[in-house]
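First up is the structure itself, then whatever we jot down about it.
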Amino acid sequence: MARQLDEQIVGRYPVGQRLRVLDVGMGQGTQALRLARAGHQVTGLERDATMVAAAREALSAEPEGIRERMRIIEGDGRDTGVHFLPGSFDVVLCHGVLMYVEEPDPLLAGLARMLAPGGLLSLLVRNADALAMRPGLAGDWAGALGAFDTTAYRNRLGLDVRADRLSTLTATLAGIGAPLQAWYGVRVFTDTAADDTGTPDDMETLLACEERAGRTDPYRGVAALLHLCGVRG
Ligand SMILES: C[S@@+](CC[C@H](N)C(=O)[O-])C[C@H]1O[C@@H](n2cnc3c(N)ncnc32)[C@H](O)[C@@H]1O
């Protein structure tokens with residue numbers, strides 16, 4: 001997923017240009033830190049105080065040059081208009097967040113407004129079109145049957161959350177002025193792996209398979225997660 005994001009950034013901006021990046025729902029800040037280390041000016045917005053503290057601690061261990069390039073704000077992704085001016089970012093990430101947002105459209109519209117013209121909106125969402133895959137591959141037939149006509153699911157943490165359909169998000173992105181430019185499947189083969197499975201010996205080959213499937217029809221359509229890239233017109 002990081003590679004796909006970098007590919008989109010490289011295809012859009014000259015190498016070495018310092019981009020203004022907003023990471024909404026940054027969690028512990030893994031992506032945000034990675035992009036700050038790559039030389040970009042990164043703002044992380046996160047509503048959970050524990051996550052904010054973890055991100056601040058991780059940042060404090062970085063060299064001064066990187067610390068100066070990153071700021072962390074505690075707040076809700078639906079309130080970007082309170083914190084920032086419209087058009088003030090080149091890249092807006094919203095990864096693994098829409099699952100927790102009951103009404104994604106206003107949040108997405110707000111994120112699109114934060115983008116400068118030509119800016120990139122990167123979304124990582126649970127794929128509602130493939131919700132039956134996980135229970136189905138586990139032999140839970142009742143669970144699989146119940147997963148076809150819904151966007152609701154229970155995640156591994158036991159939380160009742162929601163997934164998004166590619167067709168719905170495609171229409172939403174067009175409607176908010178950031179039409180879909182590219183999309184990828186993420187975790188096509190590995191979604192059913194147990195959390196305590198160690199790192200496999202052939203990790204590199206596994207990643208190559210995932211990477212290939214995530215870009216290839218029909219595999220990408222049944223991925224557990226979708227990575228969508230919209231571009232502000
Ligand atoms: C699954 S984590 C993903 C973290 C990170 N983006 C990543 O990809 O690793 C989801 C994060 O989104 C945050 N979050 C959920 N809803 C949010 C909202 N409305 N505004 C800001 N952060 C939110 C949660 O607190 C959590 O840290």
Side-chain angles (χ1 to χ4, degrees), residues 1-9 19-38 40 42-59 62 70-84 88-89 91-115 120-128 131 134 151-164 169 172 176 183-187 190-191 193 195 207 210-211 214 223-230:
M1 198 266 309
R3 188 188 299 196
Q4 298 157 355
L5 177 63
D6 291 347
E7 175 180 296
Q8 289 296 321
I9 290 175
L19 301 173
R20 301 158 297 169
V21 178
L22 173 63
D23 188 354
V24 172
M26 75 186 307
Q28 300 177 13
T30 311
Q31 278 301 317
L33 261 181
R34 190 182 72 80
L35 290 165
R37 287 190 194 115
H40 302 300
V42 182
T43 302
L45 180 64
E46 166 61 53
R47 74 170 175 194
D48 184 304
T50 311
M51 290 292 179
V52 167
R56 290 212 165 111
E57 193 178 333
L59 183 61
E62 294 290 324
M70 184 159 153
R71 65 183 164 151
I72 297 170
I73 298 175
E74 187 174 333
D76 198 294
R78 291 167 290 194
D79 298 334
T80 47
V82 173
H83 299 286
F84 317 110
S88 48
F89 294 95
V91 178
V92 173
L93 313 183
C94 186
H95 291 178
V97 178
L98 250 50
M99 298 87 169
Y100 303 101
V101 179
E102 268 177 42
E103 285 181 36
D105 287 11
L107 167 75
L108 291 173
L111 300 188
R113 273 196 293 276
M114 291 301 117
L115 283 171
L120 180 71
L121 177 59
S122 173
L123 305 175
L124 187 68
V125 304
R126 172 65 55 173
N127 183 4
L131 284 181
R134 190 185 281 180
T151 55
Y153 72 102
R154 183 162 292 173
N155 70 11
R156 288 187 183 186
L157 303 173
L159 299 172
D160 289 316
V161 289
R162 45 172 298 286
D164 288 281
L169 280 180
T172 303
I176 60 177
W183 70 275
Y184 311 88
V186 177
R187 278 203 237 144
T190 52
D191 186 50
D195 289 336
L207 289 176
E210 281 287 350
E211 171 85 18
L225 303 167
L226 297 177
H227 179 197
L228 281 74
C229 298

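Residue numbers start at 1 and run along the sequence shown. Atoms within a ligand are numbered from 1 in the order they appear, just like the ligands themselves.
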Problem - Reference residue Met70; test side-chain contact (heavy atoms from CB on, under 4.5 Å); the match among Val21, Leu35, Leu33 - result: Leu33

Completion exercise
Numbered in order shown, the ligand 1 atoms found under 4.0 Å of a heavy atom of Gly27 are 4 (C), 27 (O)

Problem - Heavy-atom nearest neighbour in the protein, as seen from atom 6 (N) of ligand 1, with distance rounded to 0.1 Å - result: Gly25 O, 2.7 Å

Completion exercise
For Glu211, the side chain to side chain donor-acceptor pair (under 3.5 Å) test, sequence neighbours excluded, returns Arg215

Handout entry: Minimum-distance protein heavy atom relative to atom 17 (C) of ligand 1
Key = Arg47 NE, 3.5 Å

Completion exercise
Closest to atom 21 (C) of ligand 1 among protein heavy atoms sits Gly77 N, 3.4 Å

Exercise for the section: Verify side chain to side chain contact (heavy atoms under 4.5 Å, CB included) between Arg134 and Arg156, making sure each step is shown before the conclusion. Expected result: CA-CA 11 Å; Arg134 190 185 281 180; Arg156 288 187 183 186; 3.5 Å; yes

Completion exercise
For atom 27 (O) of ligand 1, the closest protein heavy atom turns out to be Glu46 OE1, 2.8 Å

Practice task
Please check if the side chain of Arg56 supplies one atom and the backbone of Ile72 the other of a donor-acceptor pair under 3.5 Å.
Solution key: yes

Practice task
List the closest protein heavy-atom neighbour of atom 3 (C) of ligand 1: residue, atom name, distance to the nearest 0.1 Å.
Solution key: His95 O, 3.5 Å

Practice task
Output, in order, the C-alpha distance, side-chain angles, deciding distance and verdict of side chain to side chain contact (heavy atoms under 4.5 Å, CB included) for Leu93 and Gln31.
Solution key: CA-CA 9 Å; Leu93 313 183; Gln31 278 301 317; 4.1 Å; yes

Practice task
Around atom 19 (N) of ligand 1, find the nearest protein heavy atom and jot down its residue, atom name and distance.
Solution key: Asp76 OD1, 3.0 Å

Exercise for the section: Decide, yes or no, whether a salt bridge links Asp23 with Arg34 under the criterion of side-chain N to carboxylate O below 4.0 Å. Expected result: no

Handout entry: Option set Val97, Val52, Asp23, criterion heavy-atom distance to atom 12 (O) of ligand 1, minimum
Key = Val97

Problem - Residues Thr190 and Glu210: side-chain donor-acceptor under 3.5 angstrom - result: yes

Exercise for the section: Tell me which part of Met26 gets within contact of ligand 1: side chain, backbone, both or neither, using heavy atoms under 4.0 Å. Expected result: backbone

Problem - ligand 1 atoms in contact with Met51 (distance to a heavy atom under 4.0 Å) - result: 27 (O)

Exercise for the section: Run the contact test for Val24 against ligand 1 with a 4.0 Å cut-off on heavy atoms, strictly below, and give the result. Expected result: no

Problem - Any protein heavy atom < 4.0 Å from atom 9 (O) of ligand 1 - result: no

Practice task
Look at ligand 1 and say whether Gly75 reaches it with a heavy atom at a distance under 4.0 Å.
Solution key: yes

Exercise for the section: Could you walk me through whether Asp164 and Arg162 pass side chain to side chain contact (heavy atoms under 4.5 Å, CB included), step by step? Expected result: CA-CA 7 Å; Asp164 288 281; Arg162 45 172 298 286; 2.5 Å; yes

Practice task
Examine distances only and state if a side-chain atom of His40 and a backbone atom of Leu19 form a donor-acceptor pair shorter than 3.5 Å.
Solution key: yes

Problem - Protein heavy-atom partner closest to atom 2 (S) of ligand 1 - residue, atom, separation in Å - result: Gly96 O, 3.9 Å

Handout entry: Asp48 (side chain) donor-acceptor with Met51 (main chain) under 3.5 angstrom
Key = yes

Handout entry: Where ligand 1 meets Asp48 - atom numbers and elements under 4.0 angstrom, heavy-atom basis
Key = 25 (O)

